Every structure is written in structure tokens, then in C-alpha cells.
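Any value given below was found using the heavy atoms of this structure, including those in side chains, with hydrogens, waters and symmetry copies removed. This is a predicted model, so every value here is computed, not measured.
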Amino acid sequence: MPTNLPQKVVALLSNKHHWLSFLAGLSLVFAYAPFSQWWLPFIVLPLWLNSVKNLATKAAAKSGFIFAFGWFAAGISWVHVAIDQFGGLPLVISLVLMLLLCLYLSIYPALACYLSAKFTRSKKLNLSLVPFFWLVAEYLRANVLTGFPWLSLGYTQLDGPLSAFAPVTGEVGINFILLVISVSLVHIYQNQQRLLSSALLVIIIGINFYLSTTSWVTASAKQIKVALIQGNIEQSMKWQPEQEWPTMLKYLELSRANYDADILIWPESAIPVLEPTAQDYLSLIDQSAALNNSAIITGIQNYHYDSKEFFNGLVVAGRKYEGDTEGSYIYNSPNRYYKNHLLPIGEFVPLQSILRPIAPLFNLPMSSFTRGNYVQPNLVAKGYHVLPLICFEIAFANQLAANFTDDTDILLTVSNDAWFGDSHGPHQHLEIARMRALEFGRPLLRATNNGITAVIDHHGKVIARIPQFEEAVLKTDINLASGETPFSQWQRWLN
């Protein structure tokens, strides 16, 4: 170890326990999509927890922080793609920004470890408290500074046996159960609280078996034909004025060949002009879809000239109800959706008078949006009630629950993941969408600009998808579902 480094840095880098924590966190990336090794946390978490048991308060917090830094550094490395390629910053600066984000997110697991030691008489980490304080920390991570609940541990179990808990407890409950199992395994190994830990494992296994054989929601005999249009527009070209009409004509032509579908879905901001200036085009697709007994849901930005507000939205064109003879689109009609949970920097810039002049990163196209209402009516397309969420919003189950009604037939999320290139970000995004379908027991449509476009059934299983970075149309039949999961019921009660 170089002797000219500060003594504290040398101590940090030479500590084998810290390296174990970092590597344990780093390895968790393989538990998420696209790798989806759901069994990995059952090894990594007990090994790490066993190494941090009985650490004093500050040491426990430090280990939690180092573990989390490895976890986030590998897991959300895809954020760097957007900063590097579209932020207009030198590579070194973009890496520093990525580092700062990971350091910030690491505070929350560190807090969970700190509290798990702080609230014990010995002031040493009590593993039994970790699952409870971890949930508190994850709640804070999902809400503080608009929230960033990405990479929560429960998502690792989407294709594992614990997924049976999702319709009852949601992903947050799976997170808790996974930690309880991990702590119990450590206690059994250490011959501490062995009887209680064994009993907990038996109870969890028993409940899991019961839930895996229980159907809260059943598939309806009623089918709907959907077509999801993936235009594959280069992000660098998307907002170029000369590309406006080529892009809009592409979506129109891809749709005309698929009007036998009941509903066609275009991705986020598929129409690359503001809604007031696209009235002729919107009237064209409205009449075209209605004439062919179909409906189109498309992403488009709106601008209110009176209030000078921008909105990232979705509108419906074509038939609103079966039996309509004309199109339903009218400018500023209520059959639309405006994004509520805006992405910092990408869709709004805090302290913008200071930050915008610094770099292109803080002055991206369409980065001055206004929030839509938290609760909005479902979209209605050809008589079907569609609950929409745009991009990042799909990570917030509580927002979906607030807009879920007895009439909701389909969940919809649209996105433009071109920002993140060929990284594991879009795969994790799809994984999150699958969890929402499983939690709420409704089929989900995911339409994106360049992938991953997919259709997901009410069990959270992908029934059809198309490759990334291809111009393509995903057309399939989906069964609607009847019934309501316990998770959707208690989430609606909380909202």
C-alpha cells in the first residue's frame, strides 16, 4: 500500500472486511435483469450479514455504506450512459456525477445498519432489527428528493419462489421477507435463536407454498388485440426539426398495417412536436384509427400558452368506445394523461437559474415540465380502461395504486430508453414493470422507442417482446383479468 496516502484511506483500503462488503454488494447486480440469478441474494446477504453482526454503531454504518456503494455502483451504472452521451460533459465529470449519485444512495442502507445498532443496549448491530430498519430506509429512499426506489431487493425474486408473495405483500414485502430469511440463516449458523429462526423459515416456506397455489385473479375469456409500435428513433435525431415529419410518417405507416388491433400503443413522446402544433396530424390519425374501428394511445408533449406550462403526456385518438362512428380526439379533452412523477434533471431542473448555464446536462430538450395531478382518470380506448404511467413512474407502486380502479382493464407504461443505450437499465425497467403486473393482477403493455417493448400477462410473465434497437411492431392477443389482489386492495386503502 502506498505510504503517501492519508492514514484513514490506507486503513480503509487495507481492511478485508470492507472489501468483503464491497464485493458482496457488487455481486448483487447479477440477481437483477438481464442476469436474473434470483438465488444469489440467498447466499450473498447471509454472508454479508454474518460479517457485520455485532459491529459497533459507526462500524456497522460504514459497512452498510460500503456494501451499498458496491450494490449501486454496479446496479445503476447505466445512468452514466445518459450523462456521458447526452450530458455534454467531460468523461471525468460524468464519472464524478455518477459517483456522487451512488454515494448518496448508499446513505440509506448505512442508515439502516446504524439504527440497527443504535437501538440496542450494547450499541452493536442487532441482525434481528435489520429487516425493519431496512424497510424504513428504503421508504426514505423512495420518497426523499422525489425518490429513487430502483434496485430494491424484492425485484431480485421476480422469477424465484418468493414471487408468490407479490400479489399479497408487493415487492416491498418480498424485500422484508428476503432479509428475514437471510438473518434467520445467519442465526442458525451461529447457533443463536436457532429455534425461533427455524420456526420463521418453516412459516415462510408454508405460507409461500399456500400462496403459490392460490389464485387471486383469474384470466377472462375476453381477449383484446393490441399492437405496440417501436419506432427506433435515434435519440440524437429525435428532436431535430428536419426529422419531425419523417418520424411522424413512420409511426403512421407502421400503424396503418396494423389497424386490425383494438388498441395501438405509441411510446413516450412518439410525436416529436408540441401538441398545439400537431393538430392536423392528430386529426389525421384520429380519423384514420376511427375509420378502422381502432384506437391509438400516443405520447406527446403539450404546452399551455396561457399558463406557459409544459406537460409530458399521453392522448387517445380513434374510437373511445366500441360502436363510435367517429374519432374521439379533441385538444385538451379530459381523455389524456400528464406525467406526475418527473425525473430530476431530465424533466425538471432544481435551482435551474444556477445549473442550466453550467452544462448541457442541465439543459436537455424538454426538461421544464410541470407535474400532472397525482390522481387522474384512466384513459378510455375503444371501451377499455387503461391505467397509464410514463417511464420512471412505473417504479412507484403507490402511484399506480392511487389510480387503480374497479374498472381498470390494462396497465400501460411507455418510455424512451434510448437514453441508456445497450445497458442493463432497460432490462431492469422491464423487470420493474413485470412486478407491477404481478402485484396488481392486470396485464401490462410496455411500449418503448427502441426497446424493450413487451406484453406482460397478469402473472407478471412476458408473453411477447421484440428486440431492442429494431423498428418493429409487437402485435398479440391478451386476456383481460378479473378479481383483485390483496396488495392492490390495501395499497388503495393506504392511498
Side-chain angles (χ1 to χ4, degrees), residues 227-259 261 263-292 294-320 324 326-339 342 346-347 364-372 376-377 379-382 386 388 390-391 412-416 418 447-450 471 473:
L228 283 64
I229 314 298
Q230 182 172 290
N232 194 36
I233 308 298
E234 289 281 348
Q235 186 61 35
S236 59
M237 300 169 56
K238 185 173 180 63
W239 301 107
Q240 298 298 321
E242 65 273 13
Q243 293 298 320
E244 291 174 359
W245 271 105
T247 296
M248 292 191 289
L249 290 175
K250 174 186 282 193
Y251 277 103
L252 184 59
E253 290 303 314
L254 289 172
S255 298
R256 279 176 171 167
N258 294 281
Y259 275 140
I263 303 176
L264 294 92
I265 309 294
W266 296 5
E268 179 183 12
S269 62
I271 302 175
V273 295
L274 295 175
E275 188 177 350
T277 66
Q279 290 303 292
D280 290 342
Y281 177 75
L282 287 165
S283 295
L284 174 63
I285 65 171
D286 183 49
Q287 295 169 16
S288 181
L291 183 64
N292 289 277
S294 186
I296 295 173
I297 300 176
T298 180
I300 190 171
Q301 278 88 38
N302 193 11
Y303 179 67
H304 290 175
Y305 287 99
D306 293 338
S307 61
K308 301 187 184 327
E309 293 177 316
F310 286 95
F311 294 93
N312 186 2
L314 289 165
V315 297
V316 181
R319 300 204 176 183
K320 184 175 181 179
D324 286 348
E326 296 181 355
S328 61
Y329 173 78
I330 301 173
Y331 180 60
N332 278 339
S333 72
N335 195 23
R336 62 179 55 237
Y337 175 78
Y338 289 142
K339 187 176 183 181
L342 303 178
E347 293 178 312
L364 296 171
M366 306 300 172
S367 59
S368 300
F369 287 115
T370 301
R371 296 181 188 276
Q376 300 178 52
L379 300 176
V380 181
K382 206 178 173 182
V386 182
I390 297 177
C391 193
L412 168 66
T413 179
V414 298
S415 184
N416 177 25
T448 70
N449 172 40
N450 68 338
E471 178 187 310
V473 177

Taking all atoms of both residues into account, what is the closest heavy-atom pair of Ala317 and Tyr329, and its distance? CA-CB, 4.2 Å
Check: Lys238 and Ser269 side chains under 4.5 Å, non-hydrogen atoms: yes
Hey, does Trp266 have a side-chain heavy atom less than 4.5 Å from the side chain of Val315? no
Return the minimal non-hydrogen interatomic distance between Ala290 and Arg319, and the atom names on each side. O-NE, 2.8 Å
Do the non-hydrogen side-chain atoms of Arg256 and Leu252 ever get within less than 4.5 Å of each other? yes
Holding to ring-ring contact (aromatic ring centres under 6.0 Å, His included), I want the full list of residues that pass it with Phe311, two or more places apart in sequence or in another chain. His304, Tyr338
Heavy-atom pair with the smallest gap, counting every atom of Pro267 and Ile229: CD-O, 3.3 Å
Aromatic ring pairing Tyr303/Phe310, orientation class (parallel under 30°, perpendicular over 60°, tilted between): tilted
Does any non-hydrogen side-chain atom of Ser415 lie less than 4.5 Å from one of Ile390? no
Is the shortest heavy-atom distance from the side chain of Asn302 to the side chain of Asn332 under 4.5 Å? yes
How close do Ser294 and Leu264 get, heavy atom to heavy atom, and via which atoms? OG-CD1, 2.9 Å
Report the distance from atom OG1 of Thr448 to atom CG of Asn232, rounding to the nearest 0.5 Å. 9.0 Å
Applying side chain to side chain donor-acceptor pair (under 3.5 Å) between Glu268 and each of Thr298, Asn312, Asn416, report the one that passes. Asn312
Would you name the heavy atoms of Ile297 and Ala381 that are closest together and state the gap between them? CD1-CB, 4.1 Å
Just so I know, are the side chains of Ile271 and Leu282 near enough to count as touching, which here means a heavy-atom distance under 4.5 Å? yes
What I'd like to find out is whether the side chain of Gln301 reaches to under 4.5 Å of the side chain of Phe369, using heavy atoms alone. yes
Side-chain heavy atoms of Val316 within contact of Val380, under 4.5 Å: no
Distance check, rounded to the nearest 0.5 Å: Gln230 atom CD versus Glu471 atom CD? 9.5 Å
If you measure from CD on Gln279 to CG on Asp286, what distance do you get to the nearest 0.5 Å? 10.0 Å
NZ/NE/NH1/NH2 to OD/OE distance under 4.0 Å, Arg336 and Glu275: yes
If I take atom CG from residue Leu314 and atom CD1 from residue Ile296, how far apart are they, to the nearest 0.5 angstrom? 13.0 Å
